[in-house]
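Quantities reported herein were computed from a predicted structural model and do not represent experimental measurements.
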Amino acid sequence: MYHYRSMIILAEKPSVATDIAKALGRFKLQNGIWISGKDCVLSARGHLLISLMPEEYDSKWKSWKDSLKDLPINPQKFLYKENPVTKDVLHQIKKCFKDFDSSEFILATDAEREGEVIGAEILDYVGFKNYENAKRFWVSEALTPDVVRKGLAEAKPLSCYEAYKAAGFARANADWLIGMNFSRLLTVSTGNRTIFSFGRVQTAILGVIYLRDKNIKNFKPTDYYQLVCKVRKGNIDFSLYYNKDDSDRFANKTELEFLTDKLTDQDKLKITKIETTEKTENAPQLFNITGLQKYCSNKYHLTPQQTLDTAQVLYEKYKCLSYPRTPSVVLGDENVELFKSKFDLLSKEYPELAKNCDISKISSDNKRLFNTAKLTDHHALIPLKPIPKEAGGNEKNVYNAVLLRFFQTIMPACVYNSITVNAEKDNMAFIGKGRSYINKGWKNTSESDNEDEKEIETFPTDLQENELLPIIETSILSKQTQPKKHFTNATILALMENPKSEDVEKVAKLVGLGTPATRASIIKELIDRQYIEQKGQQLLITKQGEFLIETVIKIPCLKDFISLSTTTKWEEQLQTEPNKFLQSIKNFITTEIPKITITDTWKTNEIGSCPLCRKAEVLEGKNSYYCSDYKNGCKFSIAKNICGANISVNDVKLLISGKQTGTKKMTSAKTQKQFSAKLAYEKGKIEFKF
C-alpha cells in the first residue's frame, strides 16, 4: 500500500473525501474532517471563493447611471472573496492547513478545468507554498477503494496540470469582464428599462435560436404534389414516385390527376433499372456527456440538466457509472482490461444484450473504442456495475442508455443494400429509393431517432430488371416545402458540440461552444432568465430574448458576440492560448466600449419627438414605445400589440406625427369578435378610426 508521511488531501465534495478516506482505511471523521494522526482529508463545497463585484474594486462602479463614462470595468488584477454561504467550510480548511503538517499535499478536486480552478483558489487563499511537493489525484472512474488507492499511488506533480488552471482562470475572468461590462452597457444604453444578462457563450446561443425562429417565421411555404404508386412483391409493399425531368415534385396538381386516371389497380409497373450499393454503418461509439444528454432528451424527454444531475448521482451515490462530465467518446489504449472486466461482470447480469456482442472487438486495435490520441481529460462513459434495484425511474433510464451503448460498441456493423428502382408504364417514369438489410447488426438493439431514416422503406432483396410489379394503390400527396425545425434540447446541444452553420466559416477544426459540463447550465440559464422557453420539445425565443438580440445587433461592436464564427475561434484560442485569449478580451473591452455613448446608442432606437412632453425622444422598448424622459414623469407609451395587431416602428412614426396608420385587423378583448380599423394618437391616447 502507498505510504504517506504527513499529508493533506483536498477534495471538491464531501462524498469524494469520504470515498478517499474509507479507501485508505485508517481515517476517522471528526467535525467534518477525516483525520489519521498528522494526516487529514478535507472537502470543499464547490467554489468556496467568488469574484469581487465591480464596486468592490472601485466605488465609481457601484451605481448604474444613465451614462457609460464609468465603463469599461477592467480591474488590474482579479480578486476573490469568501462565499458567505460556505465561509465556515473555508475557515475550517484554512485552519487545517495551519494546524497540520503538509509535507505532502494532494489536490483531489474533480478532474477537469473547473476542478483545477477551485483547488487553485483555495490554495491561494490559505497561503499554500509547498508546491514542489504537491500532487494531483486525477481519476475519471467511480471511486471504488481500488481505484482510489491506484489513483493516489499514481498521482502526478500538480505542475503537470498548469494548462488546465490557466484555461480555467482565463475563461472565468474573461466571462466576468464580458458579463459585467456588456450587461451594464446594454441596460444603461436602453434607459434601464430592462436589466440585461449578457454572456459570451450564452448570448451566442441565444442569437442562434433567434435567427432560427426568425427564419421559420419569415419562411414562405410552397405547395407541391407527388403521384405515388404503392406496388407489391411477395409480402412487401413499397412506393414508387412519378418522376419527370429528374423530379418527383410538381406544382400542377391537375396534370397528376390526369395521369392518375390512366392508372388502375389492374396495371403493372415494369422495372427498367436497379442500382444497388452495399453500405456499412459501424456500431456507435461510447457516450460522452453531451451525447448522453441528446439521447435522453430524444428518448426520455429529460432536460440536459436533468440528465447531468442523474448521471452525477449514478457516479457518486451508486458508483455504477464512470465520471460523467466527460467530452470523450473513447477509452485510452491502456483501458482494454478495464472494458473487458466490466463486460465480463455485466454480461452475466444482462445476457440478452451481451449475446449479440463480438468480443474480438475488445482489442487495442479497435481505435473506435481504445484511442489515447483522441482522449480528452476523461475517458468515455461506461457502466461499472449493475444499477441497484432501489434506483429511481430517471436513474434507471440514464443508466440503461449508457449500458446499451456500452454493449453496442462491440456489436457487428449494420450492413445493408441501398436500392434505387426505376420503373415505367406507358412512357410514365417512376422512381423509388429504399434499403434491404443484409445484417442489421447493432441496429437490432436500437430504435432510430433520425426522422429521415424512419422514412426509408424496406425493399425486397430479389427485384429483377424487366419484372412487372402490380399496383396496389395510387394516390396524390399534397405537401409543402418546410423550413428548418425549431431547436430542441438535443439539436442545440449538437450545435454547441459541433457548431455547423452557414454562419460559421469553414475552418479545419471546429471547437465546441462551452464545455460538456456547462452546456446544460447555459440552456437552463436562458430559460430561467426567460430569454427562451420550452414548449414540448421545442426551444423558442421569447419577446424578451428577441429584444436583447435586436438591441445587441444595433450596437456594431457587439455583433461579434452573436457570431458563431467568432465565438468558436475564441473557444479554440481559450484552449490553446488562454492568456492570449484573456488579453484579447481585455483589449476589446478597453478599445471598443469608450467609443460608445448613450446618445449614440439611443439614436439607434430613436423614432421621433415625443408628442406628449415635446422635449424628448420616443424609444423602442421590449413591449412598448416610450418617452426617453419617462424618469421625469412623461407618461407617453404605445403598446407593441393592440387588440392582436402588431404596431411597427413605421406605425409609431405616423401616430406621433398626427397621422393615422393603415387599416389593421384586430380582435375585441371583451367579445373576441374581429374588426378592422385605423389607429390615431389623439389627446394622449390611441383612438380607433372605423
field: Residue Ile359 excluded, over 12 heavy atoms near CD1 under 6.0 Å
entry: no

message: I need the Asp358 CG to Trp442 CH2 distance, nearest 0.5 Å.
response: 16.0 Å

- prompt: Is a side-chain N or O of Asn181 found less than 3.5 angstrom from the main chain of Leu177, in a donor-acceptor match?
  reply: yes

field: Centroid-centroid under 6.0 Å between Phe198 and Phe561 rings
entry: yes

message: Tell me if a side-chain donor or acceptor on Thr109 pairs with a main-chain N or O of Ala11 at a distance below 3.5 Å.
response: no

- prompt: After noting the C-alpha distance and the side-chain angles of Leu495 and Arg212, does the key distance pass the side chain to side chain contact (heavy atoms under 4.5 Å, CB included) rule?
  reply: CA-CA 12 Å; Leu495 181 135; Arg212 174 64 61 87; 5.7 Å; no

field: Electrostatic pair Arg325-Glu114, nearest N-O below 4.0 angstrom
entry: no

- request: Rounded to the nearest 0.5 Å, what's the gap from OG on Ser436 to CD1 on Ile419? Could you check?
  value: 3.5 Å

field: Test log, rule ring pair (Phe, Tyr, Trp, His ring centres under 6.0 Å), inputs Phe339 and Phe406
entry: CA-CA 9 Å; Phe339 189 98; Phe406 175 80; 4.3 Å; yes

- prompt: Could you give the distance from CG (Leu10) to CG (Leu107), rounded to the nearest 0.5 Å?
  reply: 6.0 Å

- prompt: So does Lys586 have more than 12 non-hydrogen atoms from other groups sitting under 6.0 Å from NZ?
  reply: yes

- prompt: Do Ile118 and Leu48 come close enough that some side-chain heavy atom pair is under 4.5 Å?
  reply: no

statement: The reported gap from CG in Leu345 to CG in Leu384 (rounded to nearest 0.5 angstrom) is 9.0 Å

query: Does the gap between the ring centers of Phe169 and Tyr164 come in under 6.0 Å?
result: no

message: If you count every heavy atom of other residues, nucleotides or ligands that lies below 6.0 Å from Lys433 atom NZ, does the total exceed 12?
response: no

Centroid separation Trp138 to Tyr323 less than 6.0 Å: no

- request: Show the numbers, then the answer: is there a ring pair (Phe, Tyr, Trp, His ring centres under 6.0 Å) between Phe97 and Phe105?
  value: CA-CA 10 Å; Phe97 271 89; Phe105 169 75; 5.7 Å; yes

message: Has Ser584 got a side-chain atom pairing as donor or acceptor with Phe581's backbone, closer than 3.5 angstrom?
response: yes

- prompt: Can any side-chain N or O of Asn400 pair as donor or acceptor with the backbone N or O of Lys396 at less than 3.5 Å?
  reply: yes

message: So that I can tick it off, tell me whether Asp175 and Arg171 are bridged by a salt bridge, with the cut-off set at under 4.0 angstrom between side-chain N and carboxylate O.
response: yes

field: Thr372 and Glu334, any side-chain heavy atoms less than 4.5 Å apart
entry: yes

message: Are the side chains of Thr290 and Arg519 in contact, using a 4.5 Å heavy-atom criterion?
response: yes

query: Salt bridge or not for Arg149 and Asp146, using N-O below 4.0 Å?
result: yes

- prompt: Should the pair Lys294-Glu497 be classified as a salt bridge under the 4.0 Å nitrogen-to-oxygen rule?
  reply: yes

task: Looking only at non-hydrogen atoms, find the nearest pair between Gln306 and Thr303 and report the distance.
output: OE1-N, 2.8 Å

field: Residues Lys367 and Asp333 bridged, charged N to O under 4.0 Å
entry: yes

statement: In terms of heavy-atom contacts, Ser51 and Tyr80 come closest through OG-CE2, 3.5 Å

message: Using a 3.5 Å distance criterion without hydrogens, assess whether the side chain of Thr203 forms a donor-acceptor pair with backbone atoms of Gly199.
response: yes

statement: Paired with Asp19, the salt bridge (Lys or Arg N to Asp or Glu O under 4.0 Å) test is passed by just one of Lys317, Lys319, Lys13, namely Lys319

- prompt: Hey, does Leu381 have a side-chain heavy atom less than 4.5 Å from the side chain of Leu321?
  reply: yes

query: Is Tyr300 close to Asn394 at the side-chain level, that is, under 4.5 Å between some pair of heavy atoms?
result: no

message: Do Lys484 and Asn215 make a side-chain contact, defined as non-hydrogen atoms from C-beta onward lying under 4.5 Å apart?
response: no

- prompt: Does Glu395 reach the side chain of Thr310, with side-chain heavy atoms less than 4.5 Å apart?
  reply: yes

query: Hey, mind stepping through Gln408 and Thr445 against side chain to side chain contact (heavy atoms under 4.5 Å, CB included) and telling me if it holds?
result: CA-CA 8 Å; Gln408 283 179 334; Thr445 59; 3.1 Å; yes

task: Without swapping roles, check the side chain of Glu12 against the backbone of Asp110 for a donor-acceptor pair under 3.5 Å.
output: yes

field: Charged N-O contact under 4.0 Å between Lys385 and Glu349
entry: no

task: Verify side chain to side chain donor-acceptor pair (under 3.5 Å) between Ser521 and Thr518, making sure each step is shown before the conclusion.
output: CA-CA 5 Å; Ser521 62; Thr518 61; 5.3 Å; no

- line: Separation between OG (Ser159) and OH (Tyr131), nearest 0.5 Å, reads 11.5 Å

query: Taking the side chain from Asn335 and the backbone from Gly332, do they hold a donor-acceptor pair closer than 3.5 Å?
result: yes

task: Would you check, one step at a time, whether the test salt bridge (charged side-chain N to carboxylate O under 4.0 Å, His left out) holds for Glu571 with Arg200?
output: CA-CA 10 Å; Glu571 285 286 334; Arg200 179 176 55 90; 2.7 Å; yes

message: Is any side-chain heavy atom of Glu132 closer than 4.5 Å to one of Asn130?
response: yes

query: Any donor-acceptor pair under 3.5 Å linking the side chain of Asn288 with the backbone of Gly291?
result: yes

Would you mind writing out the side-chain donor-acceptor pairs for residues 278-285 within the sub-3.5 Å range, not counting sequence neighbours?
| unit_1 | atom_1 | unit_2 | atom_2 | d |
| --- | --- | --- | --- | --- |
| Glu281 | OE1 | Lys443 | NZ | 3.1 |
| Glu281 | OE2 | Lys443 | NZ | 3.3 |
| Gln285 | NE2 | Arg368 | O | 3.0 |

task: Indicate yes or no: does Glu572 engage Lys569 in a salt bridge with an N to O separation below 4.0 Å.
output: no

task: Identify the heavy atoms of Ala311 and Pro324 that sit nearest to each other, and give their distance.
output: CB-CB, 3.7 Å

